[in-house]
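Data block below; observations after.
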Amino acid sequence: MKNASTSVAITLKQVQKTFSDGTLALKPLDLHIEQGEILVLLGPSGCGKTTTLRLIAGLEFCDQGGQILFGERDVTQIAIEQRRVGMVFQSYALFPNMDVSENIAYGLRVRGESKTTQQEKVNEMLELFDLQPYAQRAIDQLSGGQRQRVALARAIITEPEVLLLDEPLSALDALLKKRLRTDINALLKRLGITAVYVTHDQEEAMAMGDRIAILDHGEIAQIGTAEEIYLSPNNEFVANFIGQMNHFDGLLQGQALSFGKQFLPLSPTLYQSCCEGKRLRCMARPEDVRLMAFDEATVKGAVSHSVFLGDRTRVLVDIEGLQEPVHADCFERKRYTRGDRVGLMIPPSRLVLLPTSGTE
Amino acid sequence: MKKGVFFYLQLAFTLLICAFLIVPVFMSITAGLTNNYFVGIKSGLTFRWVEQVWGMYSNTIWLTMKIALVTTLVNLCVGVPCAYYLARSRSKLSAFLDECLTLPIAIPGMAIALGLISVYGGITEFRMSWSFILVGHVIFTLPFMVKSVLAVLQSINFRVLEEGAASLGASFWQRFFHVIVPNCKTGIVSGILMTLTLSAGEFNLTWMLHTPLTKTLPVGLADSYASMRLEVSSAYTLIFLGMILPLLIAAQFLNRRPKRSA
């Protein structure tokens with residue numbers, strides 16, 4: 001396989017989609033995906049991620065004024081069969097009337113490739129995906145994981161310019177999912193193919209993508225690497241969608257955020273950017289919240305619940321002055337029971353202040 | 001498990017009903033093969049009546065086969081695309097078309113025939129030809145073909161299959177013939193068998209539409225019942241059964257076979 005040579009960048013310019021019933025599924029969107037990059041579209045149901053993928057595929061057409069480019073080629077008005085895309089569907093869309101080999105060969109067959117070329121490339125694919133023993137099997141005799149591999153083999157055999165994956169792992173069990181996402185990621189990287197991957201599973205998104213675009217109500221809420229999105233979310237939606245986030249609402253007093261009788265020390269960059277007495281919302285991940293002795297802490301509370309998760313214990317702490325309990329991860333093998341009085345400490349550098357809340 | 005009295009009562013009742021239905025058919029077959037039905041089997045068995053029927057009515061048999069086959073062909077060419085359109089489209093027009101297609105099942109064949117005669121009866125050439133009967137048969141049997149294919153299309157996720165094929169570069173016709181048609185095979189075959197059976201056995205409509213030169217088997221059968229001796233009409237029934245039974249058995253076999261999941 002030599003996809004790196006055929007693979008191209010994808011550019012979306014002012015791409016908008018309104019459905020026939022008038023619903024605005026996608027607000028005007030600008031997006032550039034580099035050649036060989038894996039971009040994950042992540043978001044809750046109905047956020048527009050699948051619509052975006054279908055627009056790139058050519059299964060839907062964008063509203064007047066939008067433009068989709070594959071490299072230099074304008075594909076806005078081109079139907080899917082001429083776009084040279086490979087696509088893996090959530091339900092795999094394997095043809096029940098064809099066996100594994102015939103399914104994989106189909107893209108070559110419709111292109112009029114000779115039987116020998118078809119056979120050669122199919123064999124290559126069967127080997128790449130460990131499917132040789134199943135070459136002549138009917139689709140309904142395959143397991144979920146095998147079907148998924150056949151769907152992927154079928155999509156890349158034609159050496160498409162871009163590969164589009166629509167929640168390809170959602171029908172599989174958790175263990176297989178984890179294994180396959182590593183395999184798929186390694187394969188896509190090896191082939192150097194430009195890929196757009198749709199999922200609603202944030203862990204999958206972080207494992208798969210070079211960059212992640214989080215969509216919310218038909219627009220990109222944030223786009224960036226997994227680290228950028230996780231560590232510096234741009235807005236409340238992203239912060240809450242990716243991982244668990246604790247919220248601290250309070251007033252800026254000196255170098256700390258105060259709520260009730262508690263004080264949460266802030267970093268100089270945080271307190272210097274806002275004026276005294278301003279209402280702020282700071283956030284912190286559970287793994288950045290440390291539990292400490294009650295008397296030594298500036299933020300104090302009582303344990304309301306604790307769950308042992310194997311590698312850590314998730315402790316929920318009720319804090320006076322906060323509406324929601326704070327989630328803290330304890331990595332030491334220490335037991336907490338309901339009612340235990342604990343102190344909390346968050347390294348100031350780990351506190352996140354949303355850009356918007358700082359300028360209100 | 002020990003079977004109770006109730007089971008045997010049920011079995012006896014079922015067998016009785018079966019006998020009630022099968023005995024006349026069996027008697028008719030025997031009648032067609034005996035020298036003299038009133039004397040009984042002891043008068044001897046013969047193919048004389050079958051030969052006589054063949055001599056007198058073979059043209060009705062050929063015509064019936066011809067009409068049944070052409071009806072099936074027309075249903076295939078019209079019914080499969082029609083079912084595909086109905087399955088794809090969610091418009092009000094398609095819902096209306098669906099209703100229209102179902103109407104001939106509900107309307108008596110005589111009424112359809114009367115409609116055809118009053119509208120097209122004036123075109124003598126058409127009225128005199130077998131294609132007049134063909135039109136009636138297509139109207140009557142098309143809904144069975146369409147419904148049969150539609151049911152299969154609605155049970156498979158054909159839109160996604162089509163999208164899958166399109167993403168691999170398949171044109172509309174490639175998608176239709178490589179993916180849609182083969183995956184509707186069970187529906188198409190059952191539609192074919194139904195069309196063949198219904199067309200071959202259709203009497204109401206055909207009786208109204210036929211001319212002395214375009215008699216089909218069931219019309220000939222009615223004719224022989226009215227004017228021939230019992231052995232001849234029974235031999236005629238025998239030939240009809242010989243034509244229709246294999247089709248019915250094939251249809252039953254097809255319906256019983258487990259379907260492959262998509």
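Because the structure is a prediction, the values reported are computed rather than measured. Throughout, a chain's letter reflects where its sequence line sits, starting with A, and its residues are numbered from 1.
In this structure, A:Val110 and B:His178 have side chains that are in contact, with non-hydrogen atoms separated by less than 4.5 Å. At a threshold of 4.5 Å between non-hydrogen side-chain atoms, the residues A:Phe95 and B:Leu168 count as touching. With contacts defined as side-chain heavy-atom distances shorter than 4.5 Å, the pair B:Val160/A:Tyr92 does not qualify.
Surrounding CD of A:Glu127 are at most 12 heavy atoms belonging to other residues, nucleotides or ligands under 6.0 Å away. Within a 6.0 Å radius of CH2 in B:Trp130, more than 12 heavy atoms belonging to other residues, nucleotides or ligands are found. Residue B:Trp54 qualifies as enclosed at atom CH2: its count of foreign heavy atoms under 6.0 Å is above 12. Residue-environment remark: OH (B:Tyr120) stays at or below the threshold of 12 foreign heavy atoms within 6.0 Å.
When heavy atoms are compared at a cutoff of 4.5 Å, A:Arg154 approaches chain B by way of both its backbone and its side chain.
Remark: A:Ser91 OG to B:Arg159 CZ distance equals 13.0 Å, nearest 0.5 Å. Here A:Arg83 contributes atom CZ and B:Ser167 contributes atom OG; the two are 12.5 Å apart, rounded to the nearest 0.5 Å. Atom CZ of A:Arg111 is separated from atom CD of B:Gln174 by 10.0 Å, given to the nearest 0.5 angstrom. For the atom pair CG (A:Asp166) and CD (B:Glu163), the distance works out to 9.5 Å, reported to the nearest 0.5 Å.
Using modelled atom types, one side-chain atom of B:Asn183 and one backbone atom of A:Asn97 make a donor-acceptor pair closer than 3.5 Å.
The candidate from B:Ala166, B:Ser171, B:Pro182, B:Gly164 with the greatest count of non-hydrogen atom pairs under 4.5 Å with chain A is B:Ala166.
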